[in-house]
Amino acid sequence: MALISGSASVTRFNLVHAPEPPDFERAAFHGIMAGSEVREAVGFIPFEPGAPWEVGTRRYAFRVRIDKLRPDPIAVKERLKLLVQTEMEETGAPFVGPKKRKRLRELAEEELIVQSSPRSHIIEGCIDGDLVYVGSTAKAYLGTVLQLMRQIDVVADYKTPWIDLDEPEVDGEIVETTEPGQSILGCRFLRNLLGDRDIMVEPESGYVRLQTRDARITLTGAVLNDLRRYVERDAEVLAAKLVAGESGFRFDALSWRIGSLRIETGRHDHWTDLLDERLEKIADVYELLDRKYSSLKPKARRSETQN
């Protein structure tokens, strides 16, 4: 998932601790060897072969490569059918029990995995001073990146305005928080953002995800009228497609994460210059959201008091 090309999906972290400089080579990526029983390989790789990790003052660019070796599920299914048929013919049994079927499935996977090639996934990241930007909003990938960074003594924690301001956790009757860093305060922020001049909910090709007492609802298209009606009924706004100036993006309010951010950049001769410009624009969007959160806090308190 990219920081320097296409639309950016980004999660931001506070850097808690890191050696100077971080030794990415300690957890460098090593591919899965042919014939090995290893099914997954994870490690750091530079942005370009042979490129330095350090790309500025207290700025380190890295990519995390994840290779997983898995047989094709359709091929496994077909091979299992043949193994089951052979088992029944050899034993004369009218059917194959669940325990035996499970062993035959494992055998099918072992046979086919030798012929399979690993599937690779790349996640880009950057340590920028006291912040860490990771080019993903997916829980599984973020956990992998954080765990890998800890292997080289780099510790990062989720960065949200309620964490930075050390605000007490708020219990929500409608929304349950299940992931680190999540808070109902993000949902209240999106609710109070309605009608704001600086950051607007996309009015025409919009996207909004809400939680009512009865169901989770997704709105698309011209969402504003329906969104206001749901908010008046105390629905919580989980995520929305927002527009801030020339930037459009999806915003996960619970986790304070930016997705599908459109970034316009100039032409650059080197990827580090492109990274500089894109990180600056990503940081600008996050800083605008942070400032807006602080300015809307009094409004949020009044709303909670009235409720």
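Along the sequence shown, residues carry numbers from 1.
- Separation of atoms CG (L142) and CD (Q147) is listed at 13.0 Å; rounding is to 0.5 Å.
- In this structure, T11 and T137 approach most closely via the heavy-atom pair OG1-CA, 3.6 Å.
- With no hydrogens or angles considered, no side-chain donor-acceptor pair links W53 and D23 at under 3.5 Å.
- Taking 4.5 Å as the limit, some side-chain heavy atom of E124 sits within range of a side-chain heavy atom of F47.
- Within a 6.0 Å radius of CD in E40, other residues, nucleotides and ligands contribute more than 12 heavy atoms.
- Using a 4.0 Å cut-off between charged side-chain N and carboxylate O, R58 and D128 make no salt bridge.
- A salt bridge is absent between R101 and E87; no separation between the charged side-chain nitrogens and carboxylate oxygens falls under 4.0 Å.
- Remark: the backbone N or O of A215 is paired with a side-chain donor or acceptor of T212 at under 3.5 angstrom.
- Residues near Y207 contribute nothing to a hydrophobic cluster around it, because no ILVMFWY side-chain heavy atom sits closer than 4.5 Å to its side chain.
- Residue F251 forms a side chain to side chain contact (heavy atoms under 4.5 Å, CB included) with just one option from L261, L242, V285, and that option is L242.
- The closest side-chain heavy-atom distance from M88 to P94 is not below 4.5 Å.
- The structure places CG of N225 at 13.0 Å from OH of Y230, a figure rounded to the nearest 0.5 Å.
- Residues L146 and M149 are in side-chain contact: their nearest non-hydrogen atoms beyond the backbone lie under 4.5 Å apart.
- Remark: E20 CD is packed, more than 12 non-hydrogen atoms of other residues, nucleotides or ligands lying under 6.0 Å away.
- In this structure, the separation between CG on L15 and NZ on K159 is 11.5 Å, given to the nearest 0.5 Å.
- A salt bridge is defined here as a Lys NZ or Arg NE, NH1 or NH2 lying under 4.0 Å from an Asp or Glu carboxylate O, and K281 with E277 meets this definition.
- In this structure, the ring pair (Phe, Tyr, Trp, His ring centres under 6.0 Å) partners of F13, at least two apart in sequence or on a different chain, are Y158.
- Here D198 does not pair with R291 in a salt bridge; the nearest charged N to carboxylate O distance is not below 4.0 Å.
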| task | Could you give me the CA-CA distance, side-chain angles and deciding distance for R39 and R70, then say whether side chain to side chain contact (heavy atoms under 4.5 Å, CB included) is met? | result | CA-CA 7 Å; R39 296 293 179 260; R70 292 177 178 172; over 6 Å; no
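- For the pair S136/I123, a side-chain contact is recorded, criterion being any heavy-atom separation below 4.5 Å from C-beta on.
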| field | From CA spacing to verdict: side chain to side chain contact (heavy atoms under 4.5 Å, CB included), L194, L227 | value | CA-CA 9 Å; L194 288 176; L227 173 59; 3.5 Å; yes
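- Under the 4.5 Å side-chain heavy-atom criterion for Ile, Leu, Val, Met, Phe, Trp and Tyr, V16 and F62 are members of distinct hydrophobic clusters.
- Using a 4.5 Å heavy-atom threshold, the side chains of T144 and V42 count as touching.
- For R213 and D234, the salt-bridge test fails: no basic side-chain N is under 4.0 Å from an acidic carboxylate O.
- Between R191 and E236, at least one side-chain N (NZ, or NE/NH1/NH2) sits under 4.0 Å from a carboxylate O, which counts as a salt bridge.
- Contact between R278 and G6 at its shortest, heavy atoms only, is NH2-O, 2.7 Å.
- In this structure, OG in S183 is found 5.5 Å from CH2 in W162, a value given to the nearest 0.5 Å.
- Using a cutoff of 4.0 Å between basic side-chain nitrogens and carboxylate oxygens, R65 and D67 are scored as salt-bridged.
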| field | Verdict with reasoning, E25 to F44, per side chain to side chain contact (heavy atoms under 4.5 Å, CB included) | value | CA-CA 7 Å; E25 296 295 341; F44 291 110; over 6 Å; no
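- Annotation: E89, atom CD; neighbour count of heavy atoms from other residues, nucleotides and ligands within 6.0 Å is above 12.
- The cationic atom of R12 (NZ for Lys, CZ for Arg) lies less than 6.0 Å from the six-membered ring centre of Y286 and within 45° of the ring axis.
- In terms of heavy-atom proximity, V76 sits nearest to A108 at O-CB, 4.2 Å.
- The hydrophobic clustering, which links ILVMFWY residues whose side-chain heavy atoms are closer than 4.5 Å, places I199 and V243 apart.
- Between K241 and E204 there is no salt bridge, since no side-chain nitrogen of the basic residue lies less than 4.0 Å from a carboxylate oxygen of the acidic one.
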| task | Could you go through the side chain to side chain contact (heavy atoms under 4.5 Å, CB included) check for Y293 and T160 one step at a time? | result | CA-CA 10 Å; Y293 179 90; T160 68; over 6 Å; no
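- Clustering ILVMFWY residues whenever any of their side-chain heavy atoms sit less than 4.5 angstrom apart, transitively, puts V10 in the very cluster that holds W271.
- Smallest separation of non-hydrogen atoms from A8 and I263: CB-CD1, 4.1 Å.
- Counting heavy atoms of neighbouring residues, nucleotides and ligands inside a 6.0 Å radius, atom CD of E179 exceeds 12 of them.
- Put simply, the residue from V201, L296, L289, V237 that forms a side chain to side chain contact (heavy atoms under 4.5 Å, CB included) with L193 is L296.
- Between V64 and I122, every side-chain heavy-atom pair lies at or beyond the 4.5 Å cut-off.
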| request: For the pair R229 and E232, evaluate salt bridge (charged side-chain N to carboxylate O under 4.0 Å, His left out) and give the outcome as yes or no after the intermediate values. | output: CA-CA 5 Å; R229 281 197 291 268; E232 289 171 358; over 6 Å; no
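- Looking at heavy atoms from C-beta onward, L3 lies in side-chain contact with C126 at the 4.5 angstrom threshold.
- Rounding to the nearest 0.5 Å gives a distance of 10.5 Å between CG of D276 and NE2 of H270.
- Between M200 and D196 the shortest heavy-atom distance is CG-O, 3.4 Å.
- Atom CD of E287 is separated from atom CD of E280 by 9.5 Å, given to the nearest 0.5 angstrom.
- When hydrophobic clusters are built by joining Ile, Leu, Val, Met, Phe, Trp and Tyr residues whose side-chain heavy atoms come closer than 4.5 Å, directly or via intermediates, L107 is grouped together with V84.
- Within 6.0 Å of the CZ atom in F29, the count of heavy atoms belonging to other residues, nucleotides or ligands exceeds 12.
- Nearest heavy-atom pair across D153 and P19 is O-CD, 3.3 Å.
- Linking Ile, Leu, Val, Met, Phe, Trp and Tyr whenever their side-chain heavy atoms come within less than 4.5 Å puts I184 and L165 in one cluster.
- A 4.5 Å side-chain heavy-atom check between R250 and I258 finds every atom pair outside the cut-off.
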